[in-house]
Amino acid sequence: MADLSTTISSLRLKNPTLLASGIMDEDAGSIQRMIDCGAGAIVTKSIGMQPREGYANPTVLELEYGLLNAMGLPNPGIDLYGKEMIKLQKSKIPIIGSIYAIYAADAEEFVALASKMEQYGAAAVELNVSCPHAKRYGLEVGCDTTLLQAIVSSVKQQVRIPVFVKISPNVVNIVEIAQAAEKGNADAIVAINTVKGMKIDLETAHPILANRTGGYSGKAIKPIGVRCVYDIAQSINIPVIGVGGITTGEDAIEYFMAGASAVQIGSAVYYRGPDVFKHVCKEINVWMDKHGYKKIAELVGAAYQ
Ligand code: RRO
């Protein structure tokens with residue numbers, strides 16, 4: 001059997017499948033379930049300083065080829081979420097704290113959130129600068145290379161744990177954004193967040209999501225994610241974690257070949273159930289054995305030649 005362990009900065013993962021932010025991670029109980037189902041690491045829900053209810057329903061739609069969501073960053077706020085994090089401190093796998101902040105030129109909020117995540121036992125933080133539809137809370141930070149570099153740099157100076165930056169495909173030049181995060185000393189890039197989209201109800205002639213626009217995820221966005229990872233991984237010297245449409249082991253292998261050292265799984269938890277982590281790992285193993293690969297590292301960036 002091939003060795004599925006992989007390394008992202010100082011994190012050693014027993015396997016390369018991480019739970020993506022926003023899926024089954026609202027409390028310690030649901031996270032524990034994902035751990036028991038074989039995830040190699042967990043990314044928490046995106047957490048801010050204050051509680052947020054999120055948008056009105058409908059917030060998620062199942063479309064023909066993927067899911068469209070506009071949850072609107074619902075979360076209990078960092079202090080309450082900290083109680084859940086503390087329950088997971090004995091976890092055998094890394095728990096990565098996802099955080100978001102209001103557009104803030106001095107980065108203070110990101111720094112405070114990252115420090116709290118570190119105190120609560122997070123193994124790393126993931127800065128969400130890429131929510132596709134939350135005005136002032138996401139993409140506006142992730143589109144501004146100067147601001148992004150300054151935020152990453154401030155967070156890096158404050159915490160000892162690795163800092164990952166999750167970036168958006170809804171930009172003109174994603175490579176530039178990844179490079180700005182690297183210049184700020186980020187430890188890894190997570191690509192991609194959801195793709196901006198909309199679904200209109202023909203009978204009412206009205207967008208169905210209460211927020212009108214949302215973020216599209218699932219199989220349909222896999223080629224977009226693979227292209228982004230392929231372009232980014234060749235342009236930076238820090239690891240890339242691929243996310244977007246990974247449903248099977250072969251999807252994960254495609255991302256490794258594009259340059260990802262690990263992958264995150266989100267929508268596929270809905271499509272295949274929580275055991276998706278075990279299934280994907282088994283499928284990676286079968287494929288690697290059949291093709292004579294012994295380690296994930298042998299696959300990373302294989303598509304460059
Ligand atoms: O909460 C959301 O609506 C949301 C977030 Br924070 C995100 O990063 N990506 C997404 O598709 N939805």
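For ligands, and for the atoms within them, numbers begin at 1 and follow the listed sequence. Side chains included, hydrogens not; waters and symmetry mates left out as well; all remaining heavy atoms used. If you're wondering where the values come from, they're calculated on a predicted model, not measured in any experiment.
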Side-chain touch Ile47/Pro76, heavy atoms, less than 4.5 angstrom
yes
Minimum side-chain heavy-atom gap Ile23-Tyr270 below 4.5 Å
no
Is the contact between Thr59 and ligand 1 made by the side chain, the backbone, both, or neither, using heavy atoms and a 4.0 Å cut-off?
neither
N/O to N/O below 3.5 Å, does that happen between Pro74 and ligand 1?
no
Atoms in ligand 1 flagged as close to Leu73, the criterion being non-hydrogen separation under 4.0 Å
1 (O), 2 (C), 3 (O), 6 (Br)
Closest non-hydrogen protein atom to atom 4 (C) of ligand 1, residue and atom name please, with distance?
Cys131 SG, 3.6 Å
Please could you name the atoms of ligand 1 that Asn193 approaches to less than 4.0 Å, counting only its heavy atoms?
7 (C), 8 (O), 9 (N), 10 (C), 11 (O)
As an exercise, identify every atom of ligand 1 less than 4.0 angstrom from a heavy atom of Asn128.
6 (Br), 7 (C), 8 (O)
Check ligand 1 against Thr194 and write out every atom of the ligand that is under 4.0 Å from a heavy-atom position of the residue.
9 (N), 10 (C), 11 (O)
Per the side chain to side chain contact (heavy atoms under 4.5 Å, CB included) rule, which among Leu13, Val263, Ile93 passes with Leu18?
Leu13
Heavy atom of Ser130, distance to ligand 1 below 4.0 Å:
no
Identify, by atom number and element, the atoms of ligand 1 in contact range of Asn69, meaning under 4.0 Å from any of its heavy atoms.
2 (C), 3 (O), 4 (C), 10 (C), 11 (O), 12 (N)
Find out whether Val159 and Met117 are in side-chain contact, i.e. whether some heavy atom of one side chain is under 4.5 Å from a heavy atom of the other.
no
Would Pro132 count as a contact residue for ligand 1, given that I'm defining contact as a non-hydrogen atom of the residue lying under 4.0 Å from a ligand atom?
yes
Aromatic rings Trp287 and Tyr293: how do their planes relate, parallel, tilted or perpendicular, breaks at 30° and 60°?
parallel
Do the non-hydrogen side-chain atoms of Ile192 and Ile174 ever get within less than 4.5 Å of each other?
yes
So do the side chains of Pro162 and Ile8 get within less than 4.5 Å of each other, counting heavy atoms only?
no
